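Keep in mind that the numbers below use all heavy atoms, side chains included, and drop hydrogens, waters and symmetry copies. None of the values given here were measured: they were computed from a predicted structure. Proteins come first, then strands; the chains are lettered A, B, ... in the order of their sequence lines, and each starts at number 1.
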2 protein chains.
Amino acid sequence: MPDFIFKGKVYYNPVQLVMEQIGGVWKMPILWRLKDHTMRYGELRNDIPHISDKMLTTQLRELEKDGYVHRQVYAVVPPKTEYSLTERGREVIPLITQIREYGSSLIEKEAQKA
Amino acid sequence: MPDFIFKGKVYYNPVQLVMEQIGGVWKMPILWRLKDHTMRYGELRNDIPHISDKMLTTQLRELEKDGYVHRQVYAVVPPKTEYSLTERGREVIPLITQIREYGSSLIEKEAQKA
DNA sequence: TTCGATACATACTTTTTGGTTAGTATTTGA
DNA sequence: TCAAATACTAACCAAAAAGTATGTATCGAA
């Protein structure tokens, strides 16, 4: 597997690309919430434990730039913004499902031992 | 999904745990090489482009500590160490396969556009 | 006229991750 | 006696990711 270029940046392998697009602590949890419905900013904020405004905003912006979520701003006061998955976002859900399942299985095994 | 504790550390969700165990730039590429055979340190080193001694060593140690790889040291000179997957390591391969496939599909789509 | 509601932005600090360079231990064979 | 081979270790630095704390714009309602 040789190096390749994606959107102007060099990657060493496909895993690295995926990690950059949906890796980190918050991106998959965000995508997961949007799995089957649109959500407002504040709803995401309330639904994802421990996330800060800064993290929620930056991660949403990156997911938008990379084509995973759609951002719909309504010109009302107080402001209202709705987030939803794009086609690409929907396509990545099975992968997240498998990662979550694997994580849960790790936790279960650990619980059995203790 | 509430917080939980795994080996003494608090996690916010299962994704975060998986990311910590096999995330980052190098761990999955390492596990992938060991997929169907034991490899010596130097073989891994030569086979994984751009990886440094420091990264290879630290990531192997963490994978060993977390139970994904087995480390077999032979008392010979010059030194010889063989790495192989444990049961847990083998179990995680399907997940890595899917992540790689997803990454490859991203690359393909991007190539079609350009 | 001020307040409340919402979705942010900004500045700053800390933590984590990764990269670079150089060095070490051991024994066999030239 | 010295070089070669292998699997590391250590010290240091840079970059990226994440956390914390505070501020802001807008408009309608009270």
Side-chain angles (χ1 to χ4, degrees), chain A residues 3 7-13 15-30 33-34 38-66 69-84, chain B residues 3 9-13 15-30 33-34 38-66 69-84:
Chain A
D3 298 353
K7 291 187 176 173
K9 200 193 154 189
V10 179
Y11 294 86
Y12 299 161
N13 54 66
V15 167
Q16 194 192 353
L17 172 61
V18 176
M19 286 301 96
E20 196 169 299
Q21 297 235 325
I22 62 166
V25 175
W26 301 112
K27 284 182 178 176
M28 287 192 262
I30 291 170
R33 309 296 154 139
L34 297 175
T38 285
M39 288 180 88
R40 293 185 59 174
Y41 179 88
E43 292 177 307
L44 284 167
R45 180 81 220 267
N46 291 331
D47 211 51
I48 302 176
H50 305 289
I51 200 168
S52 66
D53 279 324
K54 182 198 157 195
M55 279 300 114
L56 181 51
T57 304
T58 61
Q59 304 302 291
L60 279 170
R61 288 301 146 78
E62 290 180 22
L63 288 170
E64 187 191 6
K65 161 175 83 47
D66 291 330
V69 311
H70 175 246
R71 178 164 174 261
Q72 176 78 270
V73 181
Y74 296 91
V76 295
V77 166
K80 173 176 174 180
T81 308
E82 285 185 342
Y83 292 92
S84 57
Chain B
D3 297 354
K9 200 193 153 187
V10 179
Y11 293 87
Y12 299 161
N13 53 67
V15 167
Q16 193 192 355
L17 173 61
V18 176
M19 286 300 95
E20 196 169 298
Q21 296 233 327
I22 62 166
V25 175
W26 301 113
K27 284 180 177 176
M28 287 191 261
I30 291 170
R33 311 294 154 141
L34 298 175
T38 286
M39 287 180 88
R40 293 185 58 174
Y41 179 89
E43 293 178 306
L44 284 167
R45 179 83 219 266
N46 292 331
D47 212 51
I48 302 175
H50 306 287
I51 199 168
S52 66
D53 279 323
K54 181 197 159 193
M55 279 300 114
L56 182 51
T57 304
T58 61
Q59 304 303 292
L60 279 169
R61 288 301 146 79
E62 290 180 21
L63 288 170
E64 187 191 4
K65 162 174 82 48
D66 290 331
V69 310
H70 174 245
R71 178 163 173 259
Q72 176 78 270
V73 181
Y74 296 91
V76 295
V77 167
K80 173 177 174 179
T81 307
E82 285 186 342
Y83 292 93
S84 57

Mind checking whether [X] and [Y] have side chains closer than 4.5 Å, heavy atoms only?
X: A/Tyr41; Y: A/Arg71; value: no
X: B/Gln16; Y: A/Met28; value: no
X: A/Thr38; Y: A/Gln72; value: no
X: A/Ile48; Y: B/Asn13; value: no

Scan [X] against the nucleic acid and name what it touches under 4.0 Å (heavy atoms): base, sugar-phosphate only, or nothing.
X: B/Thr81; result: sugar-phosphate
X: B/Tyr83; result: sugar-phosphate
X: A/Arg40; result: sugar-phosphate

Rounded distance (Å) that lies between atom [atom2] of [N] and atom [atom1] of [X]:
X: A/Arg61; N: C/dA9; atom1: CZ; atom2: C1'; value: 9 Å
X: B/Gln72; N: D/dA7; atom1: CD; atom2: P; value: 13 Å
X: B/Asp47; N: D/dA7; atom1: CG; atom2: P; value: 14 Å

Nearest-0.5 Å distance, CG of residue B/Leu56 to CG of residue B/Asn46: 10.0 Å

Spacing of A/Ile51 atom CD1 and A/Gln59 atom CD [to the nearest 0.5 Å]: 7.0 Å

Nucleotides 15-30 of chain C: protein proximity per nucleotide (B base, S sugar-phosphate only, - neither; heavy atom, under 4.0 Å): ---BBB-----BB---

Under 4.0 angstrom between B/Arg45 side-chain N/O and D/dA5 OP1 or OP2: no

Short side-chain N/O contact from A/Arg71 to OP1 or OP2 of C/dC8, under 4.0 Å: yes

